[in-house]
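Notes follow the structure.
The structure displayed is predicted, hence computed values, not measured ones.
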Amino acid sequence: MVKMKGKSQSQRIGKKSRKMKGALSTTTNTTRHLQLQLGQVSLIPLQQPSSTTATTSSAVSCFQNLLDAEAPNASSSRVALIDNAAAAAADDRDCILSQDFFCTPDYITPDNQNVFNGFDCDRENTPCPKSPEKLNTTKSKRCRPDAMSVHPLSPTFCSDHQPVVELGKDSGTEELALEKTIAPGKPKAQNYVSHSAVALRCRVMPPPCFRNPYLKDVSDKDLDPFGNQRLKCAGLFPAFTGGDGLSRYRADFHEIEQIGRGNFSSVFKVLKRIDGCLYAVKHSTRPLRLETERTKALMEVQALAALGLHENIVGYYSSWFENEQLYIQMELCDHSLSIRKYSALFTEGQVLDALFQVANALQFIHEKGIAHLDVKPDNIYVKNGVYKLGDFGCATLLDSSLPIEEGDARYMPQEILNENYDHLDKVDIFSLGASIYELIRRLPLPESGCQFFNLKEGKFPLLPGHSLQLQNLLKVMMDPDPVKRPSAKELIENPIFCRIQRTAS
Ligand SMILES: Nc1ncnc2c1ncn2[C@@H]1O[C@H](COP(=O)(O)OP(=O)(O)OP(=O)(O)O)[C@@H](O)[C@H]1O
Ligand SMILES: [Mg+2]
């Protein structure tokens, strides 16, 4: 409780009540009637005026507002009072909910919370959202003209898309109205699953589980027994897809700035509210409406999760669907090696360092039976001098048992453009060679023409300032015959890397 100087808060409130009663004594019969009712409703001005005069006038004007609101008959005045009481109650709830917001598990957090806490999902960008503006009940009246009020925790609380839910009109009590799901005498809509029903189901059922195609040794029976059926209706679950309900992104993270944008996604630097640490959160830029689109998008996180931790692979923390978009929480890196954004010149030592570290990442993922298929400078990130392979959006299984979607054509070897998928691990080796070549030259790789095809043949001009040993290594990595390219394991065993190991030790 906030202590006030010299006097307790209740003493001050008592003083204000007495002043208000003084004002009441001069009013009409109607006022006395209202005064009786006010005995049960505390009228406390929201803002405490500094001077005594201001306090009195505030109390009077507050009372005057109630008088103005009073309708000719008693029941409507009761409605006005209930509305004000409900609004005050909503205020209290809002204050509590703005705290609860951060600690309640998704599937029990009320949906439509953003509606009544005044939390603007688009513009919210503050670490600690303030308690919302007081909502008056006009809003519920506009949505539901015949309703007295709706408990905001109810799934039926005012939403533009709410199906009709009739409320009890208990004129004899001043409690907040109890909701009745079906109005007596009204025909029940057939074959219609109400939004509220879905919201309710979301709260009692956890979201579905998916089989990870990159993990071979997990049997289907280890998964959620309803998984298959529920995958089909995953898009129906607001808590799962976001819907118009709670934003897990907004609830859990404070967005700091956009740090990247790919063809399919945007990446943001965020602060996780609960642990105070910085992360990168990537989300798809267009909605994933179809089950096939969601399944495809999920493969990126499934690959990351199946791989587990490696120093040279971007760390993966968590993922979820929201508003038909897939969100991926990752380790935050300093920048990518994109030559459009990062223009530093690479010495041979730095080039070898980057090559060695990414080759380590490739060895790790190839050993787990996974190919990346989109190795390029944009997808190699740096954090404190450590290179990390990221963007597993094209990852697939080496045995070609999963669909194959090749990455950026500039970094792809000829065989994959010819749809020969026999040596997918060697595709990554070619792409790494092409990436290093681009980093050395600081010029974007050609997208077509003679040079484009020459590179696919492993033919490129000399690289001044770099050792022949390195240039030969790049040529063999970009050999048109995938079999002649070294594996990632062979690559990291190349004696050329003794140089950087010597420097490091
Ligand atoms: N974990 C991260 N830390 C720092 N920056 C990142 C991170 N993840 C992504 N980025 C930045 O965001 C950019 C786009 O990310 P990403 O490549 O994953 O998106 P995408 O849409 O899959 O890309 P693409 O167009 O290559 O398919 C990256 O090039 C990088 O600059
Ligand atoms: Mg990318």
Side-chain angles (χ1 to χ4, degrees), residues 101-102 106 114 119-130 241-289 293-294 296-301 303-305 313-344 372 374-395 407-408 410-411 435 438-439 442 444:
F101 197 76
F102 307 113
D106 279 352
N114 52 338
F119 200 171
D120 184 331
C121 287
D122 289 320
R123 285 187 296 115
E124 186 275 330
N125 205 16
T126 54
C128 297
K130 288 181 182 159
T241 57
D244 60 356
L246 176 70
S247 165
R248 175 169 166 185
Y249 179 58
R250 298 285 165 186
D252 286 359
F253 301 96
H254 164 60
E255 187 176 288
I256 296 172
E257 60 177 334
Q258 183 163 359
I259 50 172
R261 192 181 172 92
N263 291 321
F264 311 102
S265 37
S266 299
V267 184
F268 293 86
K269 177 179 176 179
V270 298
L271 175 77
K272 186 156 187 188
R273 296 180 195 271
I274 202 157
D275 63 21
C277 292
L278 294 170
Y279 297 92
V281 169
K282 165 175 170 173
H283 68 78
S284 41
T285 37
R286 63 183 185 85
L288 308 166
R289 296 220 166 84
E293 293 174 317
R294 290 194 290 271
K296 169 77 194 71
L298 270 179
M299 289 175 67
E300 177 172 358
V301 293
L304 280 167
I313 292 177
V314 69
Y316 161 73
Y317 291 95
S318 160
S319 54
W320 67 98
F321 277 105
E322 185 174 317
N323 291 328
E324 298 180 312
Q325 289 162 313
L326 177 62
Y327 286 71
I328 309 173
Q329 179 195 355
M330 294 174 287
E331 170 185 20
L332 177 69
C333 300
D334 303 334
H335 57 83
S336 78
L337 288 184
S338 165
I339 62 155
R340 284 170 285 114
K341 299 174 213 152
Y342 184 68
S343 57
H372 186 279
D374 200 14
V375 176
K376 60 178 179 178
D378 284 24
N379 293 338
I380 300 170
Y381 313 142
V382 192
K383 184 182 180 185
N384 299 331
V386 178
Y387 296 91
K388 293 176 185 268
L389 187 58
D391 190 358
F392 282 72
C394 293
D408 195 323
R410 290 173 299 168
Y411 306 86
S435 302
E438 186 182 65
L439 287 174
R442 309 293 324 154

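- In this structure the side chain of F253 never reaches within 4.5 angstrom of the side chain of F268, judged on heavy atoms.
- Checked by atom type and distance alone, the side chain of Q325 pairs as donor or acceptor with a backbone atom of S284 at under 3.5 Å.
- A donor-acceptor pair under 3.5 Å is absent between the side-chain atoms of H283 and the main chain of F321, judged by distance alone.
- Here the shortest heavy-atom pairing between Y381 and G390 reads CE1-CA, 3.7 Å.
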- Go through the steps to decide whether K269 and L278 satisfy the test side-chain contact (heavy atoms from CB on, under 4.5 Å), and finish with yes or no. CA-CA 7 Å; K269 177 179 176 179; L278 294 170; 4.0 Å; yes
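- Listed for the R261 side chain is no donor-acceptor partner under 3.5 Å among the backbone atoms of V267.
- Once rounded to the nearest 0.5 Å, the distance linking CG of L298 with CG of L288 reads 8.5 Å.
- Taking every heavy atom of both residues into account, E322 and S247 meet most closely at OE2-OG, 2.7 Å.
- In this structure, Q258 contributes its side chain and S266 its backbone to no donor-acceptor pair below 3.5 Å.
- Put simply, the side chain of D252 does not reach to within 4.5 Å of the side chain of I274, judged on heavy atoms.
- Using a distance-only test at 3.5 Å, with no hydrogens or angles considered, no donor-acceptor pair links the side chain of K282 to the main chain of L326.
- Taken from OG in S265 to CZ in R286, the straight-line distance is 11.0 Å, to the nearest 0.5 Å.
- Proximity of E438 to P444: side-chain heavy atoms (C-beta onward) are separated by under 4.5 Å at one or more points.
- Remark: S318 OG to L304 CG distance equals 12.0 Å, nearest 0.5 Å.
- Remark: K383 engages E331, C333, D334, K388 in a side chain to side chain contact (heavy atoms under 4.5 Å, CB included) (not counting sequence neighbours).
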- Task: Go through the steps for Y317 and K272 under the test side-chain contact (heavy atoms from CB on, under 4.5 Å), then give the verdict.
- Result: CA-CA 12 Å; Y317 291 95; K272 186 156 187 188; over 6 Å; no
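- Ion pairing of D391 with K376 is absent here, as no side-chain N (NZ or NE/NH1/NH2) approaches a carboxylate O to less than 4.0 Å.
- The closest donor-acceptor contact from the side chain of D374 to the backbone of A395 lies at 3.5 Å or more, if one exists at all.
- Between Y327 and R248 the shortest side-chain heavy-atom distance does not fall below 4.5 Å.
- In this structure the side chain of I259 reaches within 4.5 angstrom of the side chain of L332, judged on heavy atoms.
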- Message: Working note: Y316 + F392, criterion side-chain contact (heavy atoms from CB on, under 4.5 Å); need CA distance, chi angles, decisive distance, verdict.
- Response: CA-CA 11 Å; Y316 161 73; F392 282 72; over 6 Å; no
- So I380 and L439, side-chain contact (heavy atoms from CB on, under 4.5 Å) or not? Walk me through it. CA-CA 11 Å; I380 300 170; L439 287 174; 5.6 Å; no
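- Of the possible donor and acceptor atoms, one in the side chain of T285 sits under 3.5 Å from a partner among the backbone N and O of F264.
- Residues Y279 and D275 share a closest heavy-atom pair of OH-OD2, 2.8 Å.
- For the pair R273 (side chain) and R250 (backbone), a donor-acceptor distance under 3.5 Å is present.
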